[in-house]
Trainee: 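Please read through the structure below; I'll follow up with questions.
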Amino acid sequence: MQLATSSASGLRLGLCCLFNSEPIRFRTTTAKALLALPRAGQLIKLSELCLHNAKSLQAALQALHRLGIGAFRIMSPLFPRMTHPDVGYGMDDLPDGDAILTTLETCRLFAQQQLIRLSFHPDQFVVLSSPSTQVVASSVQELAYHGWLAEKLGVDLINIHAGGVYGDKFAALQRLAEVFEDLPEPVKSRLTLENDDVSYTPQDLLPFCQKHQIPLVYDVHHHRCNPDQLTIEAATEQAAELWAAKGCEQYCHISSPKTGWGSPNPKPHADYITLDDFPDCWRSRTMTTDVEAKAKELAVRRLMSDLNILTANHCQH
DNA sequence: GCATGTCAAGTTGTG
DNA sequence: CACAACTTGACATGC
């Protein structure tokens, strides 16, 4: 891990990607729409979107500072379709490339000054354990994009799932290990693994993470949906040791089930976090926890209030 | 204007 | 065997 953003102690709650009430929006486009344009037209459109999104990120960080929120997950398509095989591009190709890079630098400095911890969570198409060399190759390319952007923005971690099982978890993790060793340094130094809600439990991942010195992002909602023999306390503590070994503040995820724990499918996320779902053993820790809730910054603020961790500077309504 | 269908990519589990 | 669910919109199209 490159840096430990924190000089603070205690719990830090993070927002995932989007805002509910704040007027901050990120734009995107599709490959199909781009392919209807000549190349020069594609690049003009992409340049506008990238500049807009970089400015939106800057506005997002300012809003987070105002709200007293100490962590932010940046959406992966900040620069839409950048690694697409047919319409992909580099900063040098964009008319506003210099302005975009300048804005990223402004964001990096602001986040550093205000101690806002940044993360990435590339989506489900990044699968390093796949038996398909094609899938692995495009995954590595996508991670390289995240690594490049992470260096520009001072992003702490790039968090992914272990991927598919393909009938043999051990063999799948073996493949993951081989790919991990050869990742470019900006990616390798930031890569973390997260337990998921269908395949890989904390117990599956912890020995692997220990062996390869990869921090585990412990998602307690996934653990409750996809349990193993570990208690929440034990999983939290063993994950904490991995972060400590890297000299980095621990990172976790929390969410509540939309339809309740007794419902047939507790996996979908609710608008807000039910305080009972927040593990007691997390309250006294120093760590970052992303709040995966549909009400976005409103849910983060409510949980901060419920946990009594609003700071004097940021108690505003 | 507003409603609706569509959007690069993987894997798993369900109907 | 086809399709929805993960993250979950936002955009493009057509009325």
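This one's a predicted model, so the numbers in the text were calculated from it and none came from an experiment. In what follows, chains are A, B, ... by sequence order, proteins preceding strands, each numbered from 1.
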Trainee: Taking the C1' atom of each, how far is C/dA4 from B/dT6, in whole Å?
Mentor: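 These two C1' atoms come out 16 Å apart once rounded.
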Trainee: Distance between the P atoms of C/dC11 and B/dG10, in whole angstroms?
Mentor: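 One P to the other, the span is 24 Å.
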Trainee: Nearest heavy atom decides the nucleotide; on that basis, is A/Ala33 or A/Cys17 closer to the 5' end of DNA chain C?
Mentor: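 First, find each residue's nearest nucleotide; the 5'-ward one identifies A/Cys17.
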Trainee: Holding to ring-ring contact (aromatic ring centres under 6.0 Å, His included), I want the full list of residues that pass it with A/His212, two or more places apart in sequence or in another chain.
Mentor: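 Once residues adjacent in sequence are excluded, the partners of A/His212 under the ring-ring contact (aromatic ring centres under 6.0 Å, His included) criterion are A/Phe208.
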Trainee: Do the non-hydrogen side-chain atoms of A/Phe180 and A/Lys188 ever get within less than 4.5 Å of each other?
Mentor: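 They are in contact (side-chain heavy atoms under 4.5 Å apart), so the answer is yes.
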Trainee: Without hydrogens or angle criteria, can the side chains of A/Asn20 and A/Glu297 be said to hold a donor-acceptor pair below 3.5 Å?
Mentor: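 Result is no, nothing qualifies.
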Trainee: Do the rings of A/Trp148 and A/Phe79 sit parallel, tilted or perpendicular, given the 30° and 60° boundaries?
Mentor: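 Plane angle between 30° and 60°, so tilted.
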Trainee: With a cut-off of under 6.0 Å to the ring centre and 45° to the axis, is A/Arg175 in cation-pi contact with A/Tyr166?
Mentor: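 Positive - A/Arg175 is close enough to the ring of A/Tyr166 and near enough to its axis.
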Trainee: Can you pull out the residues from residues 21-30 of chain A that lie within a 4.0 Å heavy-atom distance of DNA chain C?
Mentor: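 Close to the strand are A/Arg25, A/Phe26, A/Arg27, A/Thr28, A/Thr29.
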Trainee: Are A/Glu249 and A/Arg12 ion-paired here, with the side-chain N under 4.0 Å from a carboxylate O?
Mentor: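 Answer for the salt bridge query: yes.
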Trainee: Do the side chains of A/Leu242 and A/Leu206 get nearer than 4.5 Å, heavy atoms only?
Mentor: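 Side-chain contact under 4.5 Å: yes.
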Trainee: When you measure from every atom of DNA chain B, which of residues 71-83 of chain A have a heavy atom less than 4.0 Å away?
Mentor: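 The answer is A/Arg81, A/Thr83.
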Trainee: Check nucleotides 11-15 of chain B for protein N or O atoms closer than 3.5 Å to its own N or O atoms and list the pairs.
Mentor:
unit_1	atom_1	unit_2	atom_2	d
B/dT11	OP1	A/Ser130	OG	3.0
B/dT11	OP1	A/Tyr166	OH	2.4
B/dT12	OP1	A/Val165	N	2.6
B/dT12	OP1	A/Tyr166	N	3.2

Trainee: Within a strict 4.5 Å, meaning less than it, do heavy atoms of the A/Arg285 and A/Thr236 side chains meet?
Mentor: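 SC-SC contact between A/Arg285 and A/Thr236 confirmed.
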Trainee: Return one dot-bracket line describing DNA chain C 5' to 3' (Watson-Crick or G-U wobble pairs, both distances under 3.5 Å; ( ) same strand, [ ] crossing, | another strand, . none).
Mentor: ||||||..|||||||
Trainee: Which is the 5'-most and which the 3'-most nucleotide of DNA chain C that has an atom under 4.0 Å from a heavy atom of chain A?
Mentor: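 Endpoints of the contacted stretch of DNA chain C: C/dC6 to C/dA12.
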Trainee: For A/Asp228, which residues count as a side chain to side chain donor-acceptor pair (under 3.5 Å) partner, sequence neighbours excluded?
Mentor: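 A/Asp228 satisfies side chain to side chain donor-acceptor pair (under 3.5 Å) with A/Thr201, A/His223 only.
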Trainee: To the nearest 0.5 Å, tell me how far A/Leu149 CG sits from A/Leu104 CG.
Mentor: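 One gets 6.0 Å once the value is rounded to the nearest 0.5 Å.
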Trainee: Would you mind listing the cluster partners of A/Leu298? Hydrophobic ones only (ILVMFWY), side-chain contacts under 4.5 Å, chaining allowed.
Mentor: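 A/Leu298 clusters with A/Tyr272.
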Trainee: Could you tell me if A/Ser256 and A/His269 have a donor-acceptor pair between their side chains, going purely by distance under 3.5 Å?
Mentor: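 Their side chains do not contain a donor-acceptor pair, so the 3.5 Å distance test is not met.
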Trainee: So which pairs with a foot in residues 78-103 of chain A pass side-chain hydrogen bond (donor to acceptor under 3.5 Å, both in side chains), sequence neighbours left out?
Mentor: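 Found A/Ser47-A/Asp96, A/Thr83-A/Glu142.
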Trainee: In residues 38-45 of chain A, which ones come under 4.0 Å of DNA chain B, going by heavy atoms?
Mentor: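 Heavy-atom contacts with DNA chain B come from no residue of residues 38-45 of chain A; none.
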Trainee: Could you work out the separation of B/dC7 and C/dT7 based on their C1' atoms and round it to a whole Å?
Mentor: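 Comparing C1' positions in B/dC7 and C/dT7 gives a spacing of 14 Å.
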Trainee: Identify whether any heavy atom of A/Pro268 sits under 4.0 Å from a base atom; if not, whether one sits that close to sugar-phosphate; answer base, sugar-phosphate or nothing.
Mentor: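 Sugar-phosphate: the residue A/Pro268, judged by heavy atoms under 4.0 Å, touches backbone atoms but no base.
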Trainee: State whether A/Arg108 and A/Glu105 are salt-bridged, where the test is any N-O pair (Lys NZ or Arg NE/NH1/NH2 against Asp/Glu carboxylate O) under 4.0 Å.
Mentor: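 Yes, this pair counts.
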Trainee: Got a salt bridge between A/Arg190 and A/Glu185, using NZ or NE/NH1/NH2 to carboxylate O under 4.0 Å?
Mentor: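 A salt bridge is absent here (no side-chain N lies under 4.0 Å from a carboxylate O).
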Trainee: Side chains of A/Asn159 and A/Thr192: do they bring a donor and an acceptor to under 3.5 Å?
Mentor: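 Yes - a donor-acceptor pair under 3.5 Å links their side chains.
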Trainee: Could you tell me how the ring of A/His161 sits relative to the ring of A/His121: parallel (under 30°), tilted (30 to 60°) or perpendicular (over 60°)?
Mentor: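 If you compare the ring of A/His161 with that of A/His121, the planes turn out tilted.
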Trainee: Roughly how many Å apart are B/dA9 and C/dC3, using the P atom of each and rounding to a whole number?
Mentor: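 Those two atoms are separated by 15 Å.
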Trainee: Answer yes or no as to whether B/dG10 has its base stacked against A/Phe125, where stacking requires a ring-centre separation under 5.5 angstrom and planes under 30 degrees apart.
Mentor: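 No, A/Phe125 does not stack on the base of B/dG10, since the centre distance and plane angle fail the 5.5 Å and 30° test.
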Trainee: Are a donor atom and an acceptor atom from the side chains of A/Gln58 and A/Thr106 found within less than 3.5 Å of each other?
Mentor: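 No, because no side-chain N or O of A/Gln58 sits under 3.5 Å from a partner of the opposite role on A/Thr106.
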Trainee: Rounding to an integer number of Å, can you tell me how far A/Gln134 CD sits from B/dA9 P?
Mentor: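 Going from CD in A/Gln134 over to P in B/dA9 covers 13 Å.
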Trainee: Is the closest basic N to carboxylate O distance between A/Asp156 and A/Arg117 below 4.0 Å?
Mentor: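 Yes, charged N to carboxylate O under 4.0 Å.
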Trainee: Short of 4.0 Å, heavy atom to strand atom, which residues of residues 141-150 of chain A count as contacting DNA chain C?
Mentor: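 Within this stretch, nothing sits under 4.0 Å of the strand.
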Trainee: Other than A/Val198, which residues form its hydrophobic cluster under the rule that side-chain heavy atoms must be closer than 4.5 Å?
Mentor: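 Its cluster mates, by chain and number: none.
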Trainee: How long is the line joining CD1 of A/Ile160 and C1' of B/dA9, in whole Å?
Mentor: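 The answer, rounded to whole Å, is 15 Å.
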Trainee: Decide yes or no for A/His253 and A/His221: does some side-chain heavy atom of the first lie under 4.5 Å from some side-chain heavy atom of the second?
Mentor: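 No, their side chains stay 4.5 Å or more apart.
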Trainee: In whole Å, measure the gap between the P atoms of C/dA10 and B/dT11 for me.
Mentor: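 Straight-line distance between the two P atoms is 28 Å.
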Trainee: Quick one: label A/His269 by what it contacts on the DNA or RNA (base, sugar-phosphate, nothing), any heavy atom closer than 4.0 Å.
Mentor: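 The residue A/His269 makes sugar-phosphate contact but no base contact.
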